[in-house]
Amino acid sequence: MTFVESLAARRTMLAEGSVYERLRRRPDIGFDPHLRHGGLIYDPAGRAAEAEIHRAYIDAAAAAGLPIAILSDTWRANAEAVAASPFAGRPVNGDNVAFMKDLAAASGHEVYVGGLSGCRGDAYRPQEALEAETAYAFHRPQIRALAAAKPDFLFASTLPALSEAMGIAAAQAETGQPYLLSFVVRPEGTLLDGTPWAEAIERLDDRKNPPVGHAVNCIHPKVLAAALAVLERAAPELVERVVFYQANTSALRPEELLQATELLTEEPATLAAQMGALQRRYGIPVMGGCCGTDERHIAALAEELKRGA
């Protein structure tokens, strides 16, 4: 069954937990200031650290008998960043997708690989977002490179503003591959730029090749519960379009998280119970973790989702 078929069937699936934040805090490896973790596959220690983290999530899914979606470590590997990095001229995006596909194949488990991109600026600062046409031109080279590596789907993560998402979606759509866009949303039911979430979904769906669904990441389950309640009141028919969620373990607002010096986390069982309640209420097929999570959270989530199935 393909990833799109699994979404259409509303199969319960896991997504992996935090990768970026966990790698960033390891003293034995270094992030490139431009690519962040996108260049780690070219360093033996970095490559081993990436493999260790991704494999732990796959193992947690396998132990629970649930499919899992993993994402290439290319959140910041846009063409501008690649050109400014020590890896200019190398197929960074394609190499990262190939690395994920190799991990998936070696696991012997049902693993779907997503080709990951992100916004150009700070994900918590919507004022840095690009306008749609500029975003299309800026993100198109990376998205084409990701698509050429043939992941199971394309995924744009931690988006703060509709304008940049519209440009990214245009670039994703023209590849002909299935794609999703993941926003950071507020409990008031808006994107960080103030756009109502319902409007964002409707605008993105109003195209010849719309996304296969919509995603949310980097927010706490309590925040998503509040935002989904607003969405349900405003446009109940759009709730089922939300198909992918990766939870942050902190309920702080983005402005507060920007000032936080320590990574805030939550007990795996507590987070899993809150996410399980959301899954039972709204039927979100794919659920995983973002900042503050590790394989313990994904394993606890897997058990919670199995109990509620």
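Residue numbers start at 1 and run along the sequence shown. From a predicted model like this one, the values you see are computed outputs, not experimental measurements. No hydrogens, no waters, no symmetry mates; every other heavy atom, side chains included, goes into these values.
Of all heavy-atom pairs between L191 and L162, the closest is CD1-N, 3.7 Å. Scanning all heavy atoms of the two residues, the minimum distance from R90 to V82 falls at O-CG1, 4.3 Å. Of all non-hydrogen atoms in D95 and I41, the two that sit nearest each other are CB-CD1, 3.4 Å. Closest non-hydrogen pair, V216 versus W197, comes out as CG2-CZ2, 3.3 Å.
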For this session: Assess whether salt bridge (charged side-chain N to carboxylate O under 4.0 Å, His left out) is satisfied between R10 and E240, documenting all intermediate values.
Result: CA-CA 10 Å; R10 312 296 290 192; E240 67 176 17; 5.6 Å; no
Problem set entry | Evaluation steps, side chain to side chain donor-acceptor pair (under 3.5 Å), between S250 and N248 | CA-CA 5 Å; S250 172; N248 192 317; 4.9 Å; no
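Between F31 and H37, the ring planes are parallel. Angles under 30° get that label, and only those over 60° would be called perpendicular. Between F153 and F3, the ring planes lie parallel to each other; the angle is under 30°, not in the 30° to 60° tilted range.
Residues passing the salt bridge (charged side-chain N to carboxylate O under 4.0 Å, His left out) test with D28 are R26, sequence neighbours excluded. Taking the side-chain hydrogen bond (donor to acceptor under 3.5 Å, both in side chains) definition, one finds that E50 meets it with nothing, sequence neighbours left out. When the salt bridge (charged side-chain N to carboxylate O under 4.0 Å, His left out) test is applied to E188, the partners found at least two apart in sequence or on another chain are R253. Under the salt bridge (charged side-chain N to carboxylate O under 4.0 Å, His left out) criterion, R281 pairs with E232, sequence neighbours left out. Under the salt bridge (charged side-chain N to carboxylate O under 4.0 Å, His left out) criterion, R120 pairs with E80, sequence neighbours left out.
No hydrogens or angles considered: a donor-acceptor pair under 3.5 Å links the side chains of N217 and S157. For the residue pair Y179 and N209, no side-chain donor N or O sits within less than 3.5 Å of a side-chain acceptor on the partner.
Counting only distance, with no hydrogens or angles, the side chain of H54 and the backbone of A104 share no donor-acceptor pair below 3.5 Å. For N93 (side chain) and A77 (main-chain N/O), a donor-acceptor pair under 3.5 Å exists by modelled atom type. No side-chain donor-acceptor contact under 3.5 Å links D206 to the backbone of E202.
Linking ILVMFWY residues whenever their side-chain heavy atoms come closer than 4.5 Å, directly or via other members, places M166 and L154 in the same cluster.
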Residues 55-65, side-chain donor-acceptor partners within the protein, below 3.5 Å, at least two apart:
{"residue": "Y57", "atom": "OH", "partner": "S18", "partner atom": "N", "Å": "3.1"}
{"residue": "Y57", "atom": "OH", "partner": "S18", "partner atom": "O", "Å": "2.6"}
{"residue": "Y57", "atom": "OH", "partner": "R22", "partner atom": "NH1", "Å": "3.0"}

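Note: L14 CG to Q246 CD = 11.0 Å, rounded to the nearest 0.5 Å.
Aromatic rings of Y20 and W75 (six-membered ring for Trp) have centroids within the 6.0 Å cut-off, being under it.
Around the CZ atom of R144, the shell of radius 6.0 Å holds no more than 12 heavy atoms that belong to other residues, nucleotides or ligands.
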